[in-house]
Amino acid sequence: QVQLVESGGGLVQPGGSLRLSCAASGNIFTIYNMGWYRQAPGKERELVAVISRGGSTNYADSVKGRFTISIDNAKNTVSLQMNSLKPEDTAIYYCNAAIAATVWDGQRAYWGQGTQVTVSS
C-alpha cells in the first residue's frame with residue numbers, strides 16, 4: 001500500500017508565498033514522477049506542475065515563473081514553492097505520484113487527500 005501525505009496549505013494574502021510538501025510512503029519500488037494538481041470550486045482538476053525522478057519539469061502556463069517544483073528522491077518527497085500568489089490560485093491542491101510498488105508491477109497513479117490553499121486579503 002502506498003500513501004501520499006501532503007502538508008503546507010493555508011491562508012495567504014495576494015502576493016504572498018506558501019510551500020507545499022508531499023511524502024510518499026509504503027511499498028515503493030520506483031517513483032517515476034511526482035506532481036501537483038489543483039481543483040477550484042466548480043472547476044475540473046488541473047495540472048499545476050510535475051517533475052520526473054530525473055528532474056525534468058512541466059508547469060501549467062498560469063504558474064510559470066511563480067511556482068517551482070522539486071523532488072527529493074532519497075526521501076520520496078516532492079515540494080511546490082508558490083510565490084506571488086493570486087486569488088485565482090485558490091484551490092485544493094492534490095499530490096500525485098506514478099509509482100511501481102514492486103519490481104513486477106507497472107506504474108500506477110496515487111493521490112493524496114488534498115490540502116486547501118486560499119489566497120485572499
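Sequential numbering from 1 along the given sequence is applied to the chain's residues.
Take Tyr94 and apply the ring-ring contact (aromatic ring centres under 6.0 Å, His included) test, not counting sequence neighbours, and it matches no residue. Annotation: side chain to side chain donor-acceptor pair (under 3.5 Å) contacts of Asn76 (sequence neighbours excluded): none.
The only option from Val63, Thr90, Leu47 that meets the side chain to side chain contact (heavy atoms under 4.5 Å, CB included) definition with Arg38 turns out to be Val63.
A heavy-atom distance below 4.5 Å is found between the side chains of Val2 and Ile28. For the pair Ser70/Gln81, no side-chain contact is recorded, criterion being any heavy-atom separation below 4.5 Å from C-beta on. Counting heavy atoms from C-beta on, the side chains of Phe67 and Leu85 come closer than 4.5 Å. Between Thr115 and Ser7, every side-chain heavy-atom pair lies at or beyond the 4.5 Å cut-off. Residues Trp36 and Cys95 form a side-chain contact, since some pair of their non-hydrogen atoms from C-beta on lies under 4.5 Å apart.
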Could you check Ser17 against Asn83 for side-chain hydrogen bond (donor to acceptor under 3.5 Å, both in side chains), going step by step and ending with a plain yes or no? CA-CA 4 Å; Ser17 298; Asn83 298 328; 2.9 Å; yes
What verdict does the side chain to side chain contact (heavy atoms under 4.5 Å, CB included) test give for Phe29 and Asp105, after you've listed the backbone C-alpha separation in whole Å, the side-chain angles of each residue and the deciding distance to 0.1 Å? CA-CA 9 Å; Phe29 175 68; Asp105 292 330; over 6 Å; no
Which is it for Asp89 and Met82 under the side chain to side chain contact (heavy atoms under 4.5 Å, CB included) test, yes or no, and what are the steps along the way? CA-CA 10 Å; Asp89 294 317; Met82 304 185 293; over 6 Å; no
Could you walk me through whether Asp61 and Lys64 pass the salt bridge (charged side-chain N to carboxylate O under 4.0 Å, His left out) test, one step at a time? CA-CA 5 Å; Asp61 288 342; Lys64 284 180 181 177; 3.1 Å; yes
Verdict with supporting geometry, Tyr37 and Val50, side chain to side chain contact (heavy atoms under 4.5 Å, CB included): CA-CA 9 Å; Tyr37 287 71; Val50 63; over 6 Å; no
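Shown here for Lys86 and Val119, the closest heavy-atom pair between the two residues is O-CB, 3.2 Å. The nearest pair of heavy atoms linking Gln39 to Lys43 is NE2-O, 3.1 Å. Taking each heavy atom of Leu4 and Cys22 in turn, the nearest pair found is CB-SG, 3.9 Å. For the residue pair Ala40 and Ala91, the shortest heavy atom distance occurs at N-CB, 3.8 Å.
Between the side chain of Glu6 and the backbone N or O of Gln113, at least one donor-acceptor pair lies under 3.5 Å. Panel note: side chain Gln107, backbone Ala98; no donor-acceptor pair is recorded below 3.5 Å. Remark: the backbone N or O of Ile31 is paired with a side-chain donor or acceptor of Arg53 at under 3.5 angstrom.
Remark: Glu44 CD is loosely packed, at most 12 non-hydrogen atoms of other residues, nucleotides or ligands lying under 6.0 Å away.
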